[in-house]
Every structure is written in structure tokens, then in C-alpha cells.
Amino acid sequence: GAVVSQHPSRVICKSGTSVKIECRSLDFQATTMFWYRQFPKQSLMLMATSNEGSKATYEQGVEKDKFLINHASLTLSTLTVTSAHPEDSSFYICSAKGRAGELFFGEGSRLTVL
Amino acid sequence: GQQLNQSPQSMFIQEGEDVSMNCTSSSIFNTWLWYKQDPGEGPVLLIALYKAGELTSNGRLTAQFGITRKDSFLNISASIPSDVGIYFCAGRVNTGTASKLTFGTGTRLQVTL
């Protein structure tokens, strides 16, 4: 099946720094990728839809200046958490849309902000 | 916004038992998906349902797309220890372009020997 890879899988940073998370579709091209956030023991909450070559579409309540999304190529989308604070600590998961419309998820990236 | 309620929230079962969980929505979905998530990993697709009334199996897993399009269930037969994890249902309104998934609240499954 199609593979989506995220990097890094874990990152610890100091408060105030920015962190970039990459999401790559390894064996297919994805014009659309999605970014989710998941708090412990909770469900996945969609943050934004990333479209190759255009601006991301953010869900209500998600700060676009806080969570910068760049979908520069058909196989790569990046999420940058700017000026991270402890409340931004979470599990961030991306998914990429395949040719038949199915979604393939990455392994997730756990961000801990000290 | 749309909400998907899953029940039960958690289950403790013995190995070999059958499991049933369901997902209900306040609104209609055109696609229902069931995922399993292991700790520290992303969700993995188990079964996809595209038509109301559809019943689909994947090994020991069986899922159905409710006739009303507002619910779905997932059954796991003869559970084994590796079935442990969190199961999420997800619904999608459009099957075409950039359609978003709404995830259920999750069912945590624990299997005892």
C-alpha cells in the first residue's frame, strides 16, 4: 500500500522556538494533504488542508500564523509550529490523499515543548 | 460542526471473544471508514464503506454502512492480543476532491489472555 512518512517522529524544543514537521508521500503524488492534532486519549482533530501550489485551508479556531503549512511539491507538505509554547505539545499526524481518494496516514510526530 | 459518537469508549475482553463497536452521527456521510491506531503511531485503515447498507469484511473484521447513512458498526471476531489498540470510525461527506474526514471519539480495546 501507499506509504506516508513523517519526520521527525519525536521532537523536544524550548518554549519560543519554531519546529518544522515534514510529511512525505513516498510512492505516490498527493495534491492534497491534511494535518491533524491529537491530544492524549482523544480523537484526531483536523487542523488544515494542505493543497500543492496554493494556500492551506485552516479549520475554524486554528491560527494560520501559528501553524504555517507549506505544500511545495506533490510529495511534501510541512507544518511549522512557530514560537512554540507548552500548550502546543501534542501528537501531530498528517495524511495524504491517494489517486482513488483514500487517505494514508503518517506515523505521527510527537512534539514536546518545555 | 459534525460529530461522530463512538461506543463503547473502552472495552476489556478476553482473547477469543467477539467485539462489536458502533459509530453514530447527527448528519449523513457518504463514506464510512474504520481505522486502528496503535500507541504513538498514525491510524491505519481497516475497512472502507462507500454505499448505504454495504457490508464489508477484511479477515476477522466486518463493518457495515448503515441504511440511514448516519451510523456504522465494526465487528471483530475471535479477538487476539494484537487487536489491542484504539479504533476510530471516520466519516466523509464528499467522495470527490479534497474532502475532509471527521473522526469519531474512539473505542479503546484491551484484550486479556
Side-chain angles (χ1 to χ4, degrees), chain A residues 1-10 21 23-24 30-62 71 90-112, chain B residues 1-11 21 23-25 29-51 56 58-59 63 74 84-110:
Chain A
V3 178
V4 175
S5 178
Q6 277 182 246
H7 177 81
S9 57
R10 292 173 186 266
I21 301 170
C23 178
R24 292 182 186 273
T31 54
T32 304
M33 292 185 176
F34 301 90
W35 285 97
Y36 300 82
R37 186 173 182 176
Q38 186 178 32
F39 290 108
K41 298 188 179 181
Q42 293 192 21
S43 188
L44 285 75
M45 297 301 295
L46 180 65
M47 297 174 67
T49 302
S50 172
N51 301 298
E52 189 268 336
S54 64
K55 290 183 180 179
T57 304
Y58 290 80
E59 294 300 298
Q60 192 171 10
V62 178
H71 196 150
S90 190
F91 194 52
Y92 292 89
I93 306 173
C94 72
S95 67
K97 191 167 180 232
R99 195 175 282 183
E102 68 278 55
L103 287 185
F104 301 98
F105 284 83
E107 315 97 319
S109 300
R110 183 164 302 284
L111 170 64
T112 303
Chain B
Q2 294 170 327
Q3 280 207 338
L4 294 183
N5 296 309
Q6 266 183 259
S7 65
Q9 275 191 319
S10 62
M11 304 178 74
M21 60 190 79
C23 194
T24 58
S25 167
F29 287 99
N30 293 335
T31 301
W32 283 93
L33 305 164
W34 284 93
Y35 289 88
K36 178 174 182 265
Q37 185 179 28
D38 291 326
E41 301 284 334
V44 174
L45 181 64
L46 299 174
I47 292 181
L49 303 160
Y50 299 104
K51 285 175 61 176
T56 298
N58 178 8
L74 174 71
V84 166
I86 304 176
Y87 292 79
F88 289 102
C89 63
R92 184 162 65 198
V93 175
N94 298 312
T95 55
T97 60
S99 45
K100 300 181 290 189
L101 282 185
T102 300
F103 278 85
T105 46
T107 295
R108 185 179 297 270
L109 178 64
Q110 308 250 32

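Within every chain, numbering begins at 1; the chains are lettered A, B, ... in the order of the sequence lines, protein sequences first and strands thereafter. Heavy atoms only: backbone and side chains are in, while hydrogens, waters and symmetry mates are out.
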Discussion item. At a heavy-atom distance under 4.5 Å, which candidate from Arg110(A), Gln38(A), Gln6(A) has the highest pair count against chain B?
Written reply: Gln38(A)
Practice prompt. Determine the interplanar angle of the Tyr36(A) and Phe34(A) rings, folded into 0 to 90°, and report it as parallel if under 30°, tilted if 30 to 60°, perpendicular if over 60°.
Written response: tilted
Item to complete: Return yes if some donor-acceptor pair links the side-chain N/O of Ser50(A) with the main-chain N/O of Ala56(A) below 3.5 Å, else return no.
Response: no
Practice prompt. Assign the ring pair Phe105(A) / Phe103(B) to parallel, tilted or perpendicular, where the plane angle (0 to 90°) is split at 30° and 60°.
Written response: perpendicular
Discussion item. More than 12 heavy atoms of other residues, nucleotides or ligands under 6.0 Å from CE of Met45(A): yes or no?
Written reply: no
Worksheet item: Taking all atoms of both residues into account, what is the closest heavy-atom pair of Phe29(B) and Arg92(B), and its distance?
Response: CD2-N, 3.2 Å
Worksheet item: So which of Pro43(B), Gly42(B), Pro39(B) has the biggest tally of heavy-atom pairs under 4.5 Å with chain A?
Response: Pro43(B)
Worksheet item: What part of Leu44(A) lies closer than 4.5 angstrom to a heavy atom of chain B: side chain, backbone, both or neither?
Response: both
Worksheet entry | chain A contact via Gln37(B) - which portion, at a heavy-atom distance below 4.5 Å | side chain
Fill in: Gln42(A) versus chain B, the contacting section by heavy-atom distance below 4.5 Å
backbone
